[in-house]
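Read the structure below first, then the notes.
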Amino acid sequence: MSRLSEKMNKRVAALTPAAILTFNATVSAIPDIVKLTLGEPDFNTPEHVKQAAIKAIEDNESHYTNSRGTEGLRQAAAHFLNTKYGLNYDPDKQVIMTEGATGAIYAALTAMINPGDTVIVPTPIFPLYVPILMLAGAKPIFVDTSDNGFVLSPEKLSAAIEANRDTVKAVILNFPNNPTGVTYHKDDLQKLADVISKYDIICLSDEIYSELTYDGTHVSMGSILPEQTLVMNGVSKSHAMTGWRVGMICGPEDIINEVAKVSEFTITSLTTNAQAAAEEAFKNGMDDALPMKKEYMKRRDLLVAGLEKAGFSCPNPNGAFYVFAKIPDGLNQNSEAFCYDLAKEAKVALIPGSYFLPGGEGYVRISYAASEETIQEAVSRIQKYVDKQTVK
């Protein structure tokens, strides 16, 4: 280690590489591995969306844009949210287009956090929020929801806030949830809103999987508690545009103005042709997710049936494209050891549940953003692996 590296930001030095990506890279080297690891739609971006980007390039739209996003994109995004979820945001004052939902998370947390603040994080949850919190100097307060169907109860939320009343700045919600596929319904959100409204805290509501809601219609926290909620969304999952990196964050004007500063100083502006594509997606592809959702539901049912036959149990995945399955009794209950052994012996790659923080141990996350043939092969191999372990 050089003397200069010792002078680097200690908060950065305390971070470790993303466990999910590290695990995925390691098992990818195994020949003939069947991977159900990453949250990556296997569908292509809709053709009309791609053509909008091509036209933007041909029209030489290759210059900086407004740091909050082009006017057309912000208007289309606001209209999409209003039509789909009844949200009412002024595109000029309450909407920022970000570098994916990740950019929205980073800008929002950086804008709101002071060193020493605490943020309530219901778990299991996608772990990305934690390093961003740590970089900002905040402490995450984990609330394990595994004993409540993976849904944060108002009682647990209230207790966590009261225990950290002098420092708590925000609560993070992610629904439909990654990794469990569980979502919140209107009554659930109203009860949480009743708690949050008693305090001067912000609800950071990550709703990137909103268009992949299978059990009823998605309800946004922004429609329940607009004055204290920052809503994050984007086109990554709804339009199979993960690599285009277009997200958004919406909320009260005074808070959005602070978030906008961080976003501007971080990225200047989004890629221009990607914004043209996203505008087309929101404007003329409002229901582009429907055929994908139909296919995802078929895959979900196929996967759950196969897993349950093999002895796994799963919370009902009513959104996103993940199953969070409990490892059968009698097998190695350390999820990381189980997943490495499964990859080595059965050549099937799943993500250890422990990577998703408290409440995740003993589970595995399985992505069904893969073809039916791939899922069938994975289930077959998992069944053989379980049978072999049971015989032992």
Side-chain angles (χ1 to χ4, degrees), residues 77-78 80-89 94-95 101 104-105 108-109 112 119-126 129 140-162 168-234 237-238 247-252 255-256 289 293 315-320 322 324 359:
F80 179 89
L81 293 177
N82 178 260
T83 303
K84 289 286 186 174
Y85 315 123
L87 298 172
N88 295 296
Y89 293 118
Q94 295 181 279
V95 178
I105 296 166
L109 290 176
M112 73 173 67
V119 174
I120 296 169
V121 183
T123 61
I125 198 170
F126 190 63
Y129 311 97
I141 304 299
F142 298 128
V143 179
D144 184 352
T145 66
S146 60
D147 62 351
N148 192 49
F150 298 107
V151 173
L152 177 64
S153 69
E155 293 80 13
K156 284 195 173 188
L157 175 59
S158 181
I161 294 174
E162 283 296 323
V168 66
K169 181 64 65 70
V171 56
I172 292 174
L173 292 180
N174 164 228
F175 65 99
N177 177 265
N178 175 7
T180 66
V182 172
T183 196
Y184 289 81
H185 301 291
K186 186 174 183 179
D187 288 346
D188 301 318
L189 294 175
Q190 185 61 63
K191 291 174 183 177
L192 295 178
D194 290 343
V195 174
I196 295 170
S197 64
K198 298 176 184 178
Y199 305 90
D200 292 332
I201 63 175
I202 296 170
C203 177
L204 193 61
S205 192
D206 183 352
E207 303 176 22
I208 190 67
Y209 291 97
S210 61
E211 281 298 281
L212 300 179
T213 299
Y214 311 124
D215 182 12
T217 301
H218 176 80
V219 178
S220 174
M221 189 58 156
S223 68
I224 305 291
L225 190 64
E227 63 275 12
Q228 286 178 254
T229 301
L230 291 175
V231 174
M232 299 180 295
N233 214 310
K237 315 301 182 182
S238 58
M248 61 176 152
I249 185 165
C250 312
I255 300 176
I256 285 294
K293 183 164 72 170
N316 181 36
N318 46 27
Y322 307 105
F324 204 56

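Just so you know, these numbers use all the heavy atoms, side chains as well, and skip hydrogens, waters and symmetry mates.
Contact of the Val151 side chain with the Tyr184 side chain is registered, since non-hydrogen atoms from C-beta on lie closer than 4.5 Å. Residues Ser205 and Phe175 meet the side-chain proximity criterion, which asks for heavy atoms closer than 4.5 Å. Proximity of Thr145 to Pro124: side-chain heavy atoms (C-beta onward) are separated by under 4.5 Å at one or more points. At a threshold of 4.5 Å between non-hydrogen side-chain atoms, the residues Ser223 and Asn88 do not count as touching. A heavy-atom distance below 4.5 Å is found between the side chains of Phe80 and Glu211. In this structure the side chain of Tyr199 never reaches within 4.5 angstrom of the side chain of Val168, judged on heavy atoms. Between Val143 and Val171 the shortest side-chain heavy-atom distance does not fall below 4.5 Å.
Nearest heavy-atom pair, Ala78 versus Val95, reported as atom, atom and distance to 0.1 Å: CB-CG2, 4.4 Å. When all heavy atoms are compared, the tightest approach of Glu207 to Asn233 is O-ND2, 3.0 Å. Residues Pro176 and Leu212 share a closest heavy-atom pair of CG-O, 4.1 Å. For Ile224 against Ala193, the heavy-atom pair with the smallest separation is CG2-CB, 3.5 Å. Minimum heavy-atom separation, Thr229 to Leu225: OG1-O, 2.7 Å. What you find for Tyr129 and Asp206 is that their closest heavy atoms are OH-OD2, 2.6 Å.
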Residues Lys156, Asp147; criterion side chain to side chain contact (heavy atoms under 4.5 Å, CB included); working and verdict: CA-CA 11 Å; Lys156 284 195 173 188; Asp147 62 351; 2.6 Å; yes
Residue pair Ile141, Ile161: steps toward the side chain to side chain contact (heavy atoms under 4.5 Å, CB included) verdict: CA-CA 9 Å; Ile141 304 299; Ile161 294 174; over 6 Å; no
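Of the possible donor and acceptor atoms, one in the side chain of Lys169 sits under 3.5 Å from a partner among the backbone N and O of Met112. One N or O on the side chain of Asn318 and one on the backbone of Thr183 form a donor-acceptor pair closer than 3.5 Å.
Outside the 6.0 Å centre-distance limit, the rings of Phe126 and Tyr209 are not counted as a close aromatic pair.
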